[in-house]
K.L.:
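Below is one structure. I have some questions about it.
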Protein chains: 2
Amino acid sequence: MAFYLKCKNLDISTGGKSIILLNEKEAGYYGMNPGDKVTLSWSKKKKIVATVDLSAKAVKPGEVGLFEEVWRKKEIEDGAIVEAVLESRPLSIETLKKKMLGKPVSYEEIYSVIHDIAEGRLGEVETTYYAMSSFVKPYSDQELYYVAKAMAETGEKFNLKVKVVDKHSVGGLAGNRITPIVVAIVASCGVYIPKTSSRAITSPAGTADVMEVLCPVQFSLPQIREIIKKTKACLVWGGGLHMAPADDKIIKVCRPLALESFDKMIVSILAKKVATGVDYLVIDIPVGSTCKVSHMKDAKKIGKKFVMLGKKFGMKVQVVITRANEPVGRGIGPALEARDVLRVLQQHKYRPLDLELKAVKLAGILLELKGYCRKGKGRKIAEEQIKNGKAWNKLNQIIVAQGGKKDINSEEVMQEIQRYEIHAKKSGAIYSINNRAINEVCMNLGAPLDKYSGIHTHVNFGDKVKKGQKLFTMYTSNEERLKLGILAANQNIIFHIK
Amino acid sequence: MAFYLKCKNLDISTGGKSIILLNEKEAGYYGMNPGDKVTLSWSKKKKIVATVDLSAKAVKPGEVGLFEEVWRKKEIEDGAIVEAVLESRPLSIETLKKKMLGKPVSYEEIYSVIHDIAEGRLGEVETTYYAMSSFVKPYSDQELYYVAKAMAETGEKFNLKVKVVDKHSVGGLAGNRITPIVVAIVASCGVYIPKTSSRAITSPAGTADVMEVLCPVQFSLPQIREIIKKTKACLVWGGGLHMAPADDKIIKVCRPLALESFDKMIVSILAKKVATGVDYLVIDIPVGSTCKVSHMKDAKKIGKKFVMLGKKFGMKVQVVITRANEPVGRGIGPALEARDVLRVLQQHKYRPLDLELKAVKLAGILLELKGYCRKGKGRKIAEEQIKNGKAWNKLNQIIVAQGGKKDINSEEVMQEIQRYEIHAKKSGAIYSINNRAINEVCMNLGAPLDKYSGIHTHVNFGDKVKKGQKLFTMYTSNEERLKLGILAANQNIIFHIK
């Protein structure tokens, strides 16, 4: 349809963008929406394509508002009559329609959707259409690649111009705080490992919460680049960096139904890795009844997809699947986990060996993957970097570069204000450990908001225990919350003794 | 999971609702969202189930805010410790999840979704999930029935306690203004026909816009009941009456992609009819390349579904499918269509016979369907009601009941301020008529905002015309818009002469 409109030349500039203003009410009748492309023609020679914006007052029905760049450049007189033809809906809208009908789409099309989501040109309703479209028909591998690529391309990137390694743990396992240790080991070998992490979402602590006990974690991209320049690494909070920004908006609309597919999770993770410029990636998938991935079969499928999609980006991905029966490390809660990390790197006599072992294993695989050493040699080197103190030196350096105190001793990390011990009610062996109940007790104690709250376990899966033996200690800054934690601890069987 | 919280007794009442207040940040970690059901227990005896609401400031982490009705009734002391267990997500959220996975759902489940959409407990994101769920798997007929029923049940109803008839035209045909004539005929026979109509959405006029030229159309439900009491009919705007309110919210989230399925359209229409309490319904489906339904096959399918779903509500539905080659009536635009309506009812010599014929036909079918007369007799009776002036008396009565002027003459309806005639450029026969172009010219002239704008056609499909013969006249209140209309008219071939 063609509509004829009287030009109203506005004394406003849009900074070079080709935008026109239509009367809100009239545009509705014309079926023109914000973001639509419209061709304006004054004669055969004068023609522009512009994007529609609406105004309730600045233009009357029958008028079109022209910004300075348009009327100056095209020499349009105020009051001239122009023909307006709806050229097309934004490509992103057309693409969403296609996906709703289950049709395949190109990179250009996916890019338009992800770009418009990132820029806020598509709102929450349209983002919901995108988020759900995979329920109409699952995206092909090629399309998943397109999504991850577009997410990375539409946000900030690290652009480090060096080979970069990274690790990622698929969540759900309490206390699985290997990241700072792996980063320290790998960077101490001279390999770049710039790590961005998240805060806790529905758990007692995220890596960023743990690191924050030792130093600030919130920086701008240029600041982060400085830290990496100094230390070949960083351990910062990934939020607010505008990396793969569409992802955050998509996650937001997924929250109400909490329906996250594994495909979506993989794409989210990869997009951030691509933006970080990762070349070598180890994916750690703990499998257990209380983990995000509870079946070995799913873990294998997820692993395969990571490798396959990574390849499309030229990223070498190795997947490590482990059965998870219990938390890794002894502490659960920000400061308690930070203490475990320092105890390992400072080789404290009470260090959690399982945490050390897992970190050494993953760091070794990363070093091999990167080609730093031959296959089978990585673990030994990783171990050595802890033993000779180089890994701790590296973390110390990172902490200082991020504005933390130098030479923090593991034993000065925790500030106990309130503590309470839970003892075995009978003798026997630890038959099973309820990870979910551990999280619950920690959160009743105030984690992650209260950094000094959480629990420290004294026994492991399979251990023999005697009646009255200490099972775990609860910590919190707040007397009131200690009561709440005790209630939660008494309500749940955390260590099942048989 | 169980969380333990300290009770904070608030000096606020919620009007009897069982709601608790959690700290916004902490509830996030606990995975508790507004609307979730939580069981609070103080002891084995004291227990309540309450709905979660969030606050950033009124309650601190570790606290739960109790409103007066809760702590008074349960005799809870300020500071008491309570166990909070997440009982369930709202049924509507669980139902949306089921639909996203393509599973069938019960009436109770659909009702929860439609109810929560209507009440605003589900926001735009969740409403979008609902609107799209039929793309994952089409709803069964039984589910479509549930949706229409739930939409009607969750809004206002007419509750007239008499047998009620109605007609509905599936849109897209210019000038198809039979409604006021059908209502006048049917009501003049003593049959109840309370009609709610819409305004133009993307067309030059809706029935409500046309009626508004003659009298006010915006009333409250009690006012409408008064009008019906007096006249057995009404011709009012259906918006703002809170009838099938979920539908408006669903339509809103469908707008960005403009993906409306026929199923959704049928359910929307039926829901409003059920809320109006319609017992006998005639559905008019014009089929043509520029109508909403462009294929005969689709029209038949839609018709069948209307009959089938209507039956489930005890509603007798008859479908009338007509081929649409040209606008019905001579005028297109609010006042020009109102003049056509009055010309028919006042039997003016220039009245549009096609409009009269179509209205008589549909009114006749409605009278037969209702059992007012034997099959085959309706048309004759409808004709008679026009001829003997009773139909006009009835419309006159409705106009007055709605606050309009008495005895409006058809020839005083239009106020011409600007007019312009378009003539045939060659001799021949009218080979085709471009409905879409007619709408376009009318809207360029200012319809529907300018009530006195639009066009009046002088020739019909198939007519022989001579070069220079008047084809149509354009009207508008505004000189500027006349220019725009002329441009649009010259750009399009509206009457194709061959």
Side-chain angles (χ1 to χ4, degrees), chain A residues 1-6 25-26 28-31 33 61-62 81 83 89 93 96-97 100-102 122-129 132-133 135-136 200-204 252-253 255-259 436-437 439-440 443-444 446-450 478 480-481 483-488 491-492, chain B residues 1-6 25-26 28-31 33 61-62 81 83 89 93 96-97 100-102 122-129 132-133 135-136 200-204 252-253 255-259 436-437 439-440 443-444 446-450 478 480-481 483-488 491-492:
Chain A
M1 288 220 208
F3 294 100
Y4 294 87
L5 300 160
K6 194 173 140 187
K25 199 154 184 184
E26 190 170 67
Y29 292 124
Y30 288 0
N33 296 304
I81 301 294
E83 184 196 68
R89 302 264 171 248
I93 290 285
L96 286 178
K97 268 189 180 175
M100 288 308 299
L101 301 172
L122 293 179
E124 285 204 332
V125 166
E126 293 89 344
T127 304
T128 308
Y129 278 100
M132 309 180 49
S133 58
F135 287 90
V136 177
I201 299 168
T202 55
S203 67
K252 201 176 157 204
V253 302
R255 205 158 291 160
L257 294 208
L259 274 176
R436 204 160 278 162
N439 282 350
E440 185 177 323
M443 291 162 81
N444 271 300
L449 289 177
D450 170 7
N478 181 314
E480 294 286 349
R481 300 233 50 153
K483 282 190 225 155
L484 307 182
I486 293 168
L487 273 166
Q491 203 63 32
N492 286 287
Chain B
M1 288 220 208
F3 294 100
Y4 294 86
L5 301 160
K6 194 173 139 187
K25 201 154 185 183
E26 190 169 67
Y29 292 122
Y30 290 179
N33 295 305
I81 302 294
E83 185 196 67
R89 303 263 170 251
I93 290 284
L96 287 177
K97 270 190 179 173
M100 288 307 297
L101 301 172
L122 292 178
E124 284 203 334
V125 166
E126 292 88 346
T127 304
T128 308
Y129 278 99
M132 306 179 50
S133 58
F135 287 89
V136 176
I201 298 168
T202 55
S203 68
K252 200 176 158 204
V253 302
R255 207 160 288 160
L257 294 207
L259 273 176
R436 205 161 276 163
N439 281 349
E440 187 176 323
M443 290 161 82
N444 271 299
L449 289 178
D450 170 7
N478 180 314
E480 294 286 349
R481 302 234 45 156
K483 282 189 225 156
L484 307 181
I486 293 168
L487 273 165
Q491 204 62 32
N492 285 287

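As the structure is a computational prediction, the values presented were derived from the model and not from experiment.
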K.L.:
Out of M132(B), K483(B), Q491(B), R255(B), return the one with the most heavy atom pairs under 4.5 angstrom to chain A.
P.N.:
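Max contact count across the listed options: M132(B).
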K.L.:
What are the two closest non-hydrogen atoms of P204(A) and A447(A), and how far apart are they?
P.N.:
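Heavy atoms only, the tightest pair is O-CB, 3.5 Å.
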K.L.:
Counting only heavy atoms not in K97(A), do more than 12 fall under 6.0 Å of its NZ?
P.N.:
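Check passes, neighbour count above 12.
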K.L.:
Once side chain to side chain donor-acceptor pair (under 3.5 Å) is applied, do any residues pair with E26(B), and if so which ones, sequence neighbours excluded?
P.N.:
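R481(A), Y30(B).
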K.L.:
When only pairs under 4.5 Å are counted, which of N444(B), V136(B), D450(B), N33(B) shares the most heavy-atom pairs with chain A?
P.N.:
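Winner by heavy-atom pair count: N444(B).
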K.L.:
Could you tell me which of E126(B), K252(B), E480(B) has the largest number of non-hydrogen atom pairs under 4.5 Å with chain A?
P.N.:
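Result: the option with the highest number of such pairs is E480(B).
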K.L.:
How close do P256(A) and V125(B) get, heavy atom to heavy atom, and via which atoms?
P.N.:
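That would be CG-CG1, 4.1 Å.
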K.L.:
Using a cut-off of under 4.5 Å on heavy-atom pairs, state which of L5(B), L449(B), N492(B) scores highest against chain A.
P.N.:
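Looking at each option in turn, the highest pair count goes to L449(B).
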K.L.:
Go through the atoms of L96(B) and report whether side chain, backbone, both or neither lie under 4.5 Å from a heavy atom of chain A.
P.N.:
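When you check distances to chain A, atoms from both the backbone and side chain of L96(B) fall under 4.5 Å.
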K.L.:
Looking at M443(A) and Y29(B), what are the two nearest heavy atoms and their distance?
P.N.:
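M443(A) and Y29(B) have their closest heavy atoms at CE-O, 2.8 Å.
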K.L.:
Checking I93(A) against chain B: side chain, backbone, both or neither under 4.5 Å from a heavy atom?
P.N.:
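It is both, since atoms from each part get that close.
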K.L.:
May I ask you to name which of S133(B), P448(B), G28(B) has the most heavy-atom pairs under 4.5 Å with chain A?
P.N.:
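Result: the option with the highest number of such pairs is P448(B).
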K.L.:
Roughly how far, to the nearest 0.5 Å, is CZ of F135(A) from OH of Y129(B)?
P.N.:
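Rounded to the nearest 0.5 Å, the OH-CZ separation comes out at 7.5 Å.
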K.L.:
Considering only heavy atoms and a distance below 4.5 Å, find which of A437(B), G485(B), A200(B) pairs most often with chain A.
P.N.:
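Result: the option with the highest number of such pairs is A200(B).
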